[in-house]
Each structure stands twice: as C-alpha cells, then as structure tokens.
**Student:** 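So that we are looking at the same thing, I have put the structure below in structure tokens.
Computed from a predicted model, the values in this text were never measured in an experiment.
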Protein chains: 6
Amino acid sequence: MRVVISIGGSVLAPDLDARRVEGHASVVETLARDGCEIGAVVGGGGVARDYIGAARDLGANEVQLDQIGIDVTRINARLLIAALGSQVDPKVAHDYEDAGDAIRRGDISVMGGVMPGQTTDAVAAALAEYVDADLLVYATSVDGVFSADPNTDPDATKFEEMTAAELVDVIGDIEMNAGSSAPVDLLAAKLIERAKMRTIVLDGTDPDRITPAVLRGEHTGTDIIPEGGDEPTYWAP
Amino acid sequence: MRVVISIGGSVLAPDLDARRVEGHASVVETLARDGCEIGAVVGGGGVARDYIGAARDLGANEVQLDQIGIDVTRINARLLIAALGSQVDPKVAHDYEDAGDAIRRGDISVMGGVMPGQTTDAVAAALAEYVDADLLVYATSVDGVFSADPNTDPDATKFEEMTAAELVDVIGDIEMNAGSSAPVDLLAAKLIERAKMRTIVLDGTDPDRITPAVLRGEHTGTDIIPEGGDEPTYWAP
Amino acid sequence: MRVVISIGGSVLAPDLDARRVEGHASVVETLARDGCEIGAVVGGGGVARDYIGAARDLGANEVQLDQIGIDVTRINARLLIAALGSQVDPKVAHDYEDAGDAIRRGDISVMGGVMPGQTTDAVAAALAEYVDADLLVYATSVDGVFSADPNTDPDATKFEEMTAAELVDVIGDIEMNAGSSAPVDLLAAKLIERAKMRTIVLDGTDPDRITPAVLRGEHTGTDIIPEGGDEPTYWAP
Amino acid sequence: MRVVISIGGSVLAPDLDARRVEGHASVVETLARDGCEIGAVVGGGGVARDYIGAARDLGANEVQLDQIGIDVTRINARLLIAALGSQVDPKVAHDYEDAGDAIRRGDISVMGGVMPGQTTDAVAAALAEYVDADLLVYATSVDGVFSADPNTDPDATKFEEMTAAELVDVIGDIEMNAGSSAPVDLLAAKLIERAKMRTIVLDGTDPDRITPAVLRGEHTGTDIIPEGGDEPTYWAP
Amino acid sequence: MRVVISIGGSVLAPDLDARRVEGHASVVETLARDGCEIGAVVGGGGVARDYIGAARDLGANEVQLDQIGIDVTRINARLLIAALGSQVDPKVAHDYEDAGDAIRRGDISVMGGVMPGQTTDAVAAALAEYVDADLLVYATSVDGVFSADPNTDPDATKFEEMTAAELVDVIGDIEMNAGSSAPVDLLAAKLIERAKMRTIVLDGTDPDRITPAVLRGEHTGTDIIPEGGDEPTYWAP
Amino acid sequence: MRVVISIGGSVLAPDLDARRVEGHASVVETLARDGCEIGAVVGGGGVARDYIGAARDLGANEVQLDQIGIDVTRINARLLIAALGSQVDPKVAHDYEDAGDAIRRGDISVMGGVMPGQTTDAVAAALAEYVDADLLVYATSVDGVFSADPNTDPDATKFEEMTAAELVDVIGDIEMNAGSSAPVDLLAAKLIERAKMRTIVLDGTDPDRITPAVLRGEHTGTDIIPEGGDEPTYWAP
C-alpha cells in the first residue's frame, strides 16, 4: 500500500518541539514497517507564521512570503528526516520526480512546499497523484471536513464521508468567507477530484491517530471517496 | 509602467505559425519601445494538447501530463524569444526570481509554465505580483469575462468591469460546471484578488488589440479593478 | 547483455500517435524481461521539424534551433517513459552519467538530445560507449546503410555488413552530397569507430523487428562490426 | 569603497523583529547611497538556535545541524533583501561567485551560510577576500575583540587595534577554553590573516554604529590592521 | 564587431606558464578596448593530455576521458579569467546561453569544453553561431589550413583562402588518415559551413598575431570565407 | 564497518601516475570486499600546486585559488573512480548529502574538495561525521602526528595515541609557525573533536599500509581516540 501523509505545520510544528516531531516520525516508521510506501509532506507552522509576519512588515510581496514559507517547510522536513531512521531519503525532495523516485527505490520521501502559489496541501495531493498513491491522509488540527469553518460557525457539521466533488464545493464555499479557514485548500481539493484520490482528513494533533486510519481505515475524521468507489480492497480482510 | 502579459496557448499557438508569434512579438516590442517593462507568459496551445492526449493514452498521470504541458509552453517561449530582438532575456525564465531579475535589469522576460498543478494563467498572476506590476493582461480567445461560459451558455453576459472578488465568484461558478471553461482559472483569480492586481481580460487573437489596452486602457474586454481602485494614473493625460 | 537503442524521431513520432510509442515501449519491455539492460535514445520527429521550421522563420540561429529540437526529443522521451512500466527511470536523463547511473542501478534509462551540435544519433553512440554496451541499435526509417542515399540514388546498394571505418567513409561521402541524408550522421559514425562498438542499423518502422535483432542478431539491415570482431558471443547458443 | 558587512544572527535576529532588520537595511542603504559597494552576510540568530536544538534532540549529526543553520541564515537573508530597495540582488547568493558577480554589476548582495563546517563569520571573510573588499566589518554583540571572553573572564581587556596575526592568536586561545565564545571564529581569523584584510569588529546591536565606522573609521570596537598597513586612504580627507 | 576566439590548448597551455596566459589575456583586453565584444574558448593542453593518458591506463572509457578533458579546459578558462581584468564574466560559461548572455551584457565570456563528443573547436564554432559573431578565429599551433597535415606530408600546401565547403572537404580527408591531425576538427568545420561564419585559422603561438588579424584582417594563416562573401565591411576604412 | 579515507594529494598524485592511483583503488576495493562501506576524499597534489602557482602569478585571489584547487581534486576523484570497479558511484560527490546517499545505497563514494576555505582534510572529517563513520583515516605523506613539523623541527616526536583535544592543541601550535605544515589542518582537527571521531593518521605513500590499519588497527602512525574511548569493538576478535 502506498500512502502520502500531509502533516500540517500546525500539527507538526505549532512551536518547535522535538517530541512532537518524534511522535510523527514514529508513526511513519510504524507504517513503513507494516509495508507501506510513504511520502510525507510537512507544513510550516509557527516559525513560518512568524517569519512571514516579519517579512510582510518589511514590504515583501506575496510571492516572497510564499518562498519564505517554503524555506521553513523544508527545514521542518529536515527535522522529520533527522527523526526517521536509515530508510528515509536524507534529501528533502524539491519536486515530484525526486520524491517519486525515492519512493520507487524503497525510501520514505519527505517534502515541504514546492512553488509560490501552492500550499503544502496541494503538494501532498499532487504527490499522491504522481506516485499513484492508494491513500492520501491530511493530518490537520481539526478532525475532518465540516460544512463550514467550525471555529467561526457554530452550526458547522462534520462530514463522515463525502465525494471529491462535494469536497470542492464545500471548500469553495468556506474559502469565500473571509476569515474562515478550511482543513485543506481549494487547489488541493481540485487535485483530489482530478486524481480520484481516496483521501482522509483527520485530527493529527495526536499522531497515533494516523496509524489505524491508514492501516484499517479507522478514524473519526472525514473520508473523501472518489465517485463510484467503495471500501478500499487493501482494508478488506 | 510594468506589465505582465499572459498569451494563452490558444492565441499564440493554436497551431504552429511563425506569423502569429511574430505578431505577438511585435506588440511586445512596441510596448517596450514605449517604455513598458514587460514579462510575458505563454501557454501551450495545440501541440501541448496533442502531446497530453497521447501521453494520457499511454497511461501518464496528471502530474506527468502537466510536466509535458510545461515543456511545450517553454518551447513556445523559445519561439517568442527568437522573434524578439536583443532586448529579451534569451533564457526562458523557470521561476519568478529569474524573471523578476531579468525585468529589473531592463530585459523583457518570457516564461512558460512553472510547476505541475498551476496553469500559465496562475504563473502570470504570480509573476505580476512578484514584480509588482502595474497591469496584468490576459490575451485569451474570448473577449473578456462572462457570467458563464459563452460557448455553452447563450445567456452568458460579458462584464465590462468587475472586482477581483467578483472574478473569483464567477470563475468558481464556471469551473463547477463540467465542460465549461473560464478565460482564467480559479487559482489565477485568487492570486489576482490577493495581489489587488489591476487586470484586463481581452481577446488576443488579434495581437494588435493588446497595445491600446496596455497603453491607454482601450479595449472591449473586461477590466478587473481592485477594491477601491479607479482609473490607473498612468493612463491619465 | 547491455544494449542502447536509438529510436529515430521519424520512427517513434513522425506524427503524435500513442500506439506507435506503445509499440516501441513493448519492445523495450520484452528485451528487459529477457535480461537486457537498456538505454533508449529518442529523436524529435514531426513536431521537432515543425517547431524548427517556425523558429527558423522567426530568425532563430542554428544553436537555438538545436535547443528547440532537444526540448522536443525530451518530451518524446517523456512519452516513452509514460508507456514503460515501473522499471524505467522516470526522469529523462540529460547527460551520460545520469543515464549510466540509472542503468547501473537496474533501470531502463531514456534520453533525448543533449547539446546543440550533436544529433541523437551521436548521443546514442556516446551513451553506448559510456555504458560499455554490447550492442548499439539504430532503429531508423531505412533498413540499413546504403552506398548512397537510396532516396536520391537508384544505384545505392545496401551493406549487409561493414566495418566501422567503412561506415565513416560511406557516411562522409553521403553527407558531402547536399540533399542526401544518411541513416546515422558522421559524428555518430566516428564515435562508433572510436568505441569499436558492435552496431546494427535497421528499419524500425515496425518495432517488432528490433527484438530478434537484439536477441539473436536476426535482421535485414546492416551489421557494423568492429575490426577483427566476429559474431558476438551472447548470440552463440 | 567596497565593504563586506557580517551581521551576526545575535544582532540581526536574536528573535524575529522586523524593526531590527529594518534598521540594518537602513544602514546598508545609507552606505550604498554614499557610494559603497556592499556585500552583507547574515547569521542565524534565535530561530537557528531553536531549530538546531530540536534537531540535536532528534539525533541529527553536526553536519545536518549546520545545514539547518545555513537554511535559517538564508531565510534571514531573505528578510534583509525584502527590507532593502531595488538595488539589492533579489536572490540570496549561495556562493562567492554569485555574490561577487552581483556586486560587480552594481547590486547589493546578501548571503547567509554556504557549507557545513563554516560559520557565516568565515563566509564574510572569504567573500571580502573574493571581491577584494577595502573593509570587512563584523557587527557582533560585543564591542570588539577582547583578550579573553568578557562574559566569562572579568580580566578580559579590549584591543583597540591589533594585527591579523594577533587576532589569530587571541581567537585560538579563546576557542581552547570550552564555554568561551569569540566574536569571530578561528577560520574567519585565519582567512582575514591570509587576505591581509582591513577589518573592524564592533557592537552592531545598534546598527547606526556601523555607518561612521565604515565611512570614517569611527567606532569603539577593534581595528584589525594587516601587517605594515596604516590608516586606509579612503578615510583620508 | 563581435568575435569568438578559440585558443587551442597547445597554444594557451602546452605546459603551465602564467606568462603565456598573460599574453593571451593582453590580446583579449586590447581587442575589448578597441570595441570588440569577445567570447573566448580555451582548450586543454598538456595537463589534459597527461590526465587523459593516466585515465586511459586506468580503464576509463572515451566519454570519461572527454569529461576529464572538459574539466581541464575549464580550469584553463579560470586561468584566463584570472588574468583578465574586471570586464570578464568571472564564471566559466558552461553553455552557449550563459556565454551569450554575458556577452550581451557587455562582458567578455570564457568557455572551455561543453559535452563529451565535442572538441573546443566545435564549441567555438557553435558559440560564434549562437552569438552571431562577425568573425571566428582559431589560434592554433599551425599557421592555417593545409591540404594535408604538414607534420606528416611534405607536399602539404597552405590555403590562403577557402570556402567553408572546401574546409569540410579538406578536414574530412585529413581525418581519414590515421595519425594526421587537422587544425580544426570536422564537426567544427561543418558548424562553420552551416553558420556561414567568416573564420580565420592562424598560428597563435605568439598571441600578438591575433590582434591585427581581428582588427584589420592581417595575418599569414587561412581565411575561410562563406560562399559569396567578400572582405568584411568592418575592415573597410 | 563504515570508514572514510582521506587520500592526500601528495600521496595520490604528487605527479600523475596511473599505477599510484591503481594502488589506492586496490586498497579501497579490498576493504569493500571485506565488507567496509567506504567514502574516499582525495586531494590535489602536484597539478593543483602548479595551477595554483600559475593562477597566483596571474593575480587570482585566494578564493579563486581554492576553486582551482577544488577543480583539480575533482579530476583526481575521476581518476580514482575510473580505477574502481562497478561498485563506485560514477559521479564525483559535490556535497555530503550526495556522498552519504551513495554510501547508504551500497556504493563507494569519492569526493574532492567542496568549498573555498576548506581543505580536503576538513571535507573528510565532515563526511565522516555526516555518515557517522566508525573510522576516519588520513593517508598522508608523514607517518602520524608529531609534536611539531618533523621537516623543520628535529626534536619533533610522534604521538602513538592522543585525544582529539590534544590533536587540536598540537595542530594549532604547528600552524602558528609560518612555514610548518601539519598532517591535517586545524579545521579538520576541530571537526574530529566535535564529532568524537576515531581517527588514524598514517603514511599512505604505500597504500598497502591502509588495509591493516582499517581492518585490524595495525599501523605505525597516530591513533586519535575520542575522550573515554578505547579499542574499537569492530577490531575485537
């Protein structure tokens, strides 16, 4: 089974804490021992937010801010690599071909951001598509996709399951509301739809929730199921 | 005045025709002579469509298809460079920093696509933001932004003027309809909104329509005007 | 057995046709299953010719034309990679070291052109030399080396077998005649001579002719045999 | 006059504060307006220290820690670039040739670290040597070179002036004492000696102290004067 | 006037001697002061020959030998750069675009070899074509093109003037004779013919012979004149 | 057992001699057959010295001289690669990540210099640290570390064994004496100390002395033993 895990910055590095990174590395190693081929994409977190804030005050434009954010995600990728054992490609992959090649050779590959204008959410979806992953997991700070931003809308309800087309609709709506934030961004949602990619969005604050979700489909977040798909065969007994 | 021109593949190279490329090069040179600093971003056109079709038949995934498309846009960029005189940076810029640096040094810079998952529409918007352009022009095959895809919806009406937020709404709606195509894609629209970028969408089939649009704001397409903005000062007498 | 196959653009992609690429991919996979280590070098074909024509009309110089041609060969290489299974290096090799390294690791490697001034014929010969190939095969649009260009000279006779020195002579003569075209170019012929490389030139329009030629030396084209060489041992029973 | 300024991480970014970066950018712009050609090399500061601490806890080796440190210095370089106007090379220089080329073309160039095993102190000395600078300034957190680490040895006395050979001796002695830290490291000191480079070490906490030091040699730190040298001619009236 | 000068390794560095390099640098600087735009391509010389001999003894293949030769030419290029003043691009150009861009910006550009399978003779011809040079000069160890290798054939006679087609014929004949060496190689000759490039082959052992040849067409070597061409206008009074 | 071997230029290539390189390649192959994972770092030798002398006469600065020296070490690395069989990574590693990755995949990796300001001594120490080597061996022209430079001080005595801290002291003292040369340089010594790296300094003029030193700790040079360390377990029976 081949899986791409997107570990949001707010989950991996809200602040710099080796134990949190260690926890996520443990999960990745457990999955690899269980036979998963793994690509991990990490976000920026608190340091990215601080740097971007400072750079914005200094007059940086949005593309420059994105580049700074990408740089920070790649340092976070170095942290995760340091925490992983000898099975990880020691280089942070800067494009899909490098990541795909490492996975093809049996390594775990770790990426951060790639290019201005794309979040690491979108990178994870594109990587999943590129390596033809069986599963894409978003470990975020909220436990699934809601009908609206649960932080700003008390009536938001969680989807247990939805199609990729529904995901695109819901994210599109949330993003229209200034101040609201979606668990994955619209470009990512569209890539998921395009690739017909089986996807799980879950709360990754506790990394141990990721393992049962990947190995057995057990989680309390949201399953995004490509049209006409049903329970993946790799979870069938 | 600094301007980024996105020349869609359907406009520059629906098929390979040196005269059409020559026409666009003439416009760029005219604008440069008039004192404009220019970044041009070119699309893929018919060759890209053919290659992508063949690659899809061969089992390529969407990221690989994007990469093939990017390669073709960069060959198209070489054509435009060949047609431009000595003021153009002879290298196709592969990222915003290279393009921005060339423009800063007084060269015309030509880009194609940059990364899988992003159209050249989005590249043009990001470049415009990066170089802090005064104006972004989309030379497309339809003359402006319509309320729906005019090819599929007879009730579609053209916007003469709209805000960037309206653009995002309209494009979002059009993209929801399978089979419809928007003059610029959603990621580009969002980048335009984020950058508060003065933008014109016009029919660039006849390249001569671009010059008056850039120099004097005269065109029959759609003006996208950042909130609170009014007629740009560089057009005032 | 290690083999480098040069698939001419006129053979792989006279026009864009997925089935033709698929046919060549099948041959490469068959050979790989039979235990061959394979480097493939692909040419430009009809798209290259069209782009080069347009660029020449736009005033591009010969080096720029070569670069456009190289770009097209690399897209063709992407097509062949897409058609090949998981055993191919997913990156188009841009130099001999990358190709050689991929082959050394057990992958099929696909290249296009490398540098202005060198055809893919010459690239194939240099790659064969670099990886110390047992056999170099040119799949071209004519079935072997003739004493003159068979398209322009009715008295041209085919060589069943010739030395590399004879190849250089014959190609040199053909190239002196403006308007004539040789099945491999002079630089390639000289590299074959330098490397004392066992080489076959055959009609690759039907890719199925390549397999018996590689595996058993059966073909109706021309064998180029290094001085003092005789039937290769890997074909002996 | 050509000057290389090393802005230590503890001075530029003890924590992330746009105003502090702004202050240093102002100084650089003032000097540039006064006709100086400027290369700036920035250190890592608090973020580097935090990341390195986390990575060490995760088992990273010293080279990996250096690489993380280098990445952070380059983000700090992006901040300084954002704060500088249009005269700065928008790319962080990754080697001496790029920095030297930018300076030669009239741009301000900003570097961070270059390679594991070298501090940004050493990078600044090597850059000064490479561009044949008239002056190298270390803006550090202590106001000059002391006979010992003033933080750990109350008898430490400041040198007003010293030769490069004396600098190497003093730094060598300080570095032998575990726990002590020198204002520049030994490799940098040796490069200064090798290049016979006029150098000032001063307290850069208040960036405004840098301007008079560069323009008129006025400061309260330490002058390192190559053997046989005397007051530089560019300060003579 | 734009000129590309190929300085053969046997002329620049038969052995390592700073004065000889200095002499060639003087010529280049004189020409630049006279208003010439200059690209210089340098060969490998004695060190290349020694390294290639050692590598051949160690079992290196021809491509690896070429790569070693290229590396040495690039070190020789560094020597020439060191000897040239501030007007030279301090980076050795590794491809035609970099060299062309440097020349376009007003720098002298220095190249060595580019790719296995091509001599620096061919690189010089391709660079001349790429930058649309007015003149290509080969500073070699023999004073012009002879009807045969003058070192091996006493009846060899020098051409004062010849067409590019004649050059290709003559070189082709010389190269057929094992043990003979031509002043430029066949690929270079063919590139000269393709580009219709005005070319001079002369004895560059004494670099001072290059200046009058470039500035006034005065030399005792061979003029290669494109079909239908006559005395270049830039030499007319 | 993982070992990094630094083969000084004065040992590998005092002059160019294929047999000497062959001898070192034999040792590396013997060790690899015995199960060692090997990184080799080679110096510049006589060719580097000659080129640096010529470049200094031409006015090159110290960084340019370093770059020329690095180029030569990389050609020497190509020689060693040519002499090694198919188990070596055919590319000269240019940074620690590439070397470490090759070793991790089971290849022998060969490096030369990396960056101006660092000798290959320091590169070897950093590589040893990066790949977490069990042993670092310096094959130099003197048989161990002496209390002073034995070439200039008749009272110099050899250390049979010393701590890394003592090494740093001794090297620091030797380097203070102009004209003296130490078997490894100070930056390397400090990296050895930082990494607590088991190190042997021995006379590598006869390469056969390296094998027993690596496999059984048998040699007449100097053992540098990290504080609190004792005989390595991999040598225990």
**Student:** What option among B:Ala125, B:Gly100, B:Pro116 has the most heavy-atom pairs under 4.5 Å with chain A?
**Tutor:** B:Pro116
**Student:** If the test is side chain to side chain contact (heavy atoms under 4.5 Å, CB included), which one of A:Val110, A:Ile81, A:Val42 qualifies with A:Val92?
**Tutor:** A:Ile81
**Student:** Ion pair present between A:Asp185 and B:Lys190, side-chain N to carboxylate O less than 4.0 angstrom?
**Tutor:** no
**Student:** Of the backbone (N, CA, C, O) and the side chain (C-beta and beyond), which part of B:Asp132 lies under 4.5 Å from a heavy atom of chain A, both, or neither?
**Tutor:** neither
**Student:** So which heavy atom on B:Asp89 is nearest to which on B:Ala102, and how close?
**Tutor:** OD2-CB, 3.4 Å
**Student:** Using every non-hydrogen atom in the two residues, find where A:Val114 and A:Arg74 come nearest and quote the distance to one decimal.
**Tutor:** O-NH2, 3.7 Å
**Student:** With a 4.5 angstrom heavy-atom cut-off, which part of A:Ala122 approaches chain B: side chain, backbone, both or neither?
**Tutor:** neither
**Student:** So which part of A:Tyr130 gets closer than 4.5 Å to some heavy atom of chain B, the side chain, the backbone, both or neither?
**Tutor:** both
**Student:** Hey, are the side chains of B:Arg198 and B:Ile225 touching, using non-hydrogen atoms and a 4.5 Å cut-off?
**Tutor:** yes
**Student:** If I measure from the heavy atoms of chain A, does B:Ala195 come under 4.5 Å with its side chain, its backbone, both, or neither?
**Tutor:** neither
